*Asks:* 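Questions regarding the structure given below will be posed in turn.
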Amino acid sequence: MPRVLCVAEKNSIAKAVAGILSGGNSSRRDSPSKYIKNYDFSFDFAFAGSSEVTMTSVAGHLTGLDLDQAHGWGKCPIPQVFDAPIVDIRTKDQEKMASNIKRESRNADFLMIWTDCDREGEYIGWEIVQTALQANGALRNNVYRATFSHLESRHILNAARNPNRLDQRAVDAVRTRMEVDLRSGVAFTRFLTELLGSKIERDLGGPKPNQQRPIISYGTCQFPTLGFVVDRFERIRKFVSEEFWYLVLTLSTGSNKTTFQWERGHLFDRLAVAVIYELCIESSRNLAKVVNLKSKPTSKYRPFPLTTVELQKNCSRYFKMSAKVSLEAAEKLYQKGYISYPRTETDNFPQAMDLRALVQQQTSDNRWGTYAGNLLNDEGPNRFQWPRSGKHDDKAHPPIHPIVSAGAGLDDENQKKVYEYVTRHFLACCSEDGKGHSTTMTLQWGPEFFNANGIVVLERNFLDVYVYMKWDSTQELPNLNVGQSVELSSYLMKDGQTSPPNQMTESELILLMDANGIGTDATIAEHIEKIQQRDYIKKKKLNKQTYLIPTTLGVSLVHGFEAIGLEDSFAKPFLRRQMEIDLKLICDGLKNRNEVVNDFITKYQDYYGLTNTRQNKLIETYTDIKSIM
DNA sequence: GCAAGGTC
């Protein structure tokens, strides 16, 4: 019988796919790596016929990239980093995974790649193929690729029966990113550390024994991340408050007081507001007229299905949990089988998924069990709804959702919170929107118009389980009809001041990084962590809220490079975005790998030359900023 | 010792 070796990106996928293809009849073997198991069973593949199958996996990348030995730290002039030979290397763990792949390849007739169907997965698939060929070159013409985006069994069987080929363009795109990130990161990190390292060390009171000299790193994601924080910091520092004036009316009926806001908002010209105010008083004194009454149904929308970025943003906002901590907790919950894979960009559920069964799982919980039960009741209000569909699909993972009820099974506080959040979010997704009624009343006073708005919440629906979101009935509007004249209880001209924005929160930073394509769902938290490690930014508590504030070093780096005047600022997201655009062009076959690598490396070489010539600007900027911060 | 990206 022919032998087919299948390899997934992680054990959880290997296990699930083996379960489906074998109909539950697979036997499990250990591998040299503790993260990886081999599953044996038989299956009828179109390309091989009835086969003996081994399904195994890697755990992420099988190889890493580095400069060759001769170009290590301090071993060569920095500019050589841009064209030094690059070698593929393996860590100890990767060596163990590779030995498993090689051993299982030796007597295989076919190799089928089951890595995630995203760009990085395509590259990992390629790494697996290279490793397998080292042990069994005869596999070369017998490599297939399964295309799948979730683990529903018909979908997986379909993927097994309709194999494709690896997409070499996607592989090339990833290799391009790796090479550019490596060369630019290593070159500028060595340069900055040599230029500023000892200076920073002295300022920190060093050098101290057993302590390394600080590393001043550059990374294609680190710098734009830092840039966002410094940008906000500068906007606040340079903020000049402006005075403004406005009119406001109040109406008292019984014990109810209603405030009416000026349709013009506020104006920055005191005299103009005073003139309008006088005009209104002269023409109408304390009398106003109801000129419009608009009433309409309104909704509070339930959330979209949960992505990693949304989870991190909300755990930061609601529980003050750092992105790194919330992702770690989610990973643990995933490993224990409580929730689905936590790194996903997808915000719509595949049609074939049995979401009602997942809701059913939650009916035993004493916090939201009753709510979940009611959702499944076809008679009551707030019945089960298919979740809203967002526009994002990473083609690899469904939105984050609970798999089984955790009940009292969790003792870690963070995991408990994250599980509760994931579950409440999921139940909210499957609920009806909040329903209410909104009324707007418009008064005319002299020639000016003023509005008051009232909302009455009629059905809370998802808000009952999604306790993090508030939606309450507001002021009740007085019972008046259009055309009616009313006596104002007050009509005032007031003044106010524009206020600066707040410092950056982690939640806002995640949003900015995501929107600008800086990092991925899996790495955004790491970049934020990294620039704290590097002492570019610090967390600071102010009025119960934690903010990210740049340090002297962080501000200096951003302004220093601005002073050097590179065409594409390192601290802006543009350069990274350009890279993403070019990677897409490689994937679409419109550019090739060498072309893009050359373009970027040439650009970085230019920038390196300029930075080197004007290195004094970096030192001067640091000295200047140190004296004012 | 340096990057960013997978995953544990």
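Heavy atoms only: backbone and side chains are in, while hydrogens, waters and symmetry mates are out. All values reported here derive from a predicted model rather than from experimental measurement. Every chain is numbered from 1 and lettered A, B, ... according to where its sequence line falls, protein lines coming before strand lines.
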*Asks:* As a test of reading the structure: which of dT7(B), dA3(B), dG6(B) is closest to the side chain of Thr189(A), going by heavy atoms?
*Replies:* dA3(B)
*Asks:* How is Tyr218(A) classified with respect to the nucleic acid when contacts are heavy atoms under 4.0 Å: base, sugar-phosphate, or nothing?
*Replies:* sugar-phosphate
*Asks:* Determine the contact category for Arg576(A): base if any of its heavy atoms lies under 4.0 Å from a base atom, sugar-phosphate if only primed atoms, P, OP1 or OP2 are that close, otherwise nothing.
*Replies:* sugar-phosphate
*Asks:* When you get a sec, tell me which of dT7(B), dA3(B), dG6(B) is the closest nucleotide to the side chain of Thr520(A)?
*Replies:* dG6(B)
*Asks:* Considering only side-chain heavy atoms of Asp181(A), which listed nucleotide, dG1(B), dT7(B), dA3(B), is closest?
*Replies:* dA3(B)
*Asks:* Run the ring-centre check on His397(A) versus His150(A) and record whether the distance is less than 6.0 Å.
*Replies:* no
*Asks:* Check whether any side-chain N or O of His527(A) sits under 4.0 Å from OP1 or OP2 of dG5(B), and answer yes or no.
*Replies:* yes
*Asks:* For Gly64(A), report the nucleic acid contact type (base, sugar-phosphate, nothing); a contact means any heavy atom under 4.0 Å.
*Replies:* nothing
*Asks:* Are a donor atom and an acceptor atom from the side chains of Asn100(A) and Thr56(A) found within less than 3.5 Å of each other?
*Replies:* yes
*Asks:* Please determine whether a side-chain nitrogen or oxygen atom of Ser184(A) lies at a distance below 4.0 Å from atom OP1 or OP2 of dA3(B).
*Replies:* no
*Asks:* Decide whether Gln80(A) and His71(A) meet the rule of one side-chain donor and one side-chain acceptor closer than 3.5 Å.
*Replies:* yes
*Asks:* Under 4.0 Å from OP1 or OP2 of dG6(B): is there any side-chain N or O of Arg343(A) that close?
*Replies:* no
*Asks:* Report which part of the nucleic acid Ile215(A) touches: base, sugar-phosphate, or nothing (heavy-atom distance under 4.0 Å, all strands).
*Replies:* sugar-phosphate
*Asks:* Do the side chain of His425(A) and the main chain of Phe304(A) share a donor and acceptor less than 3.5 angstrom apart?
*Replies:* yes
*Asks:* Which nucleotide, dC8(B), dG6(B), dA3(B), lies nearest any side-chain atom of Ala59(A)?
*Replies:* dC8(B)
*Asks:* Looking at the side chain of Leu182(A), which of dA4(B), dA3(B), dT7(B) is the nearest nucleotide?
*Replies:* dA3(B)
*Asks:* Is the distance from OP1 or OP2 of dT7(B) to the nearest side-chain N or O of Tyr334(A) less than 4.0 Å?
*Replies:* no
*Asks:* Need to verify one output field. Residue with the more 5' nearest nucleotide on DNA chain B, Lys530(A) or Leu62(A)?
*Replies:* Lys530(A)
*Asks:* Answer with base, sugar-phosphate or nothing: what part of the nucleic acid does Asp66(A) contact at a heavy-atom distance below 4.0 Å?
*Replies:* base
*Asks:* By nearest nucleotide on DNA chain B, pick out whichever of Trp73(A) and Thr220(A) is the more 5' one.
*Replies:* Trp73(A)
*Asks:* For Glu194(A), which contact category applies under a 4.0 Å heavy-atom criterion: base, sugar-phosphate, or nothing?
*Replies:* nothing
*Asks:* Just checking, any donor-acceptor pair under 3.5 angstrom between side chains of Arg103(A) and Ser31(A)?
*Replies:* no
*Asks:* Counting any heavy atom closer than 4.0 Å, what does Arg534(A) reach on the DNA or RNA strands: base, sugar-phosphate only, or nothing?
*Replies:* sugar-phosphate
*Asks:* Of the candidate nucleotides dT7(B), dC8(B), dA3(B), which contains the atom at the shortest distance from the side chain of Tyr35(A)?
*Replies:* dC8(B)
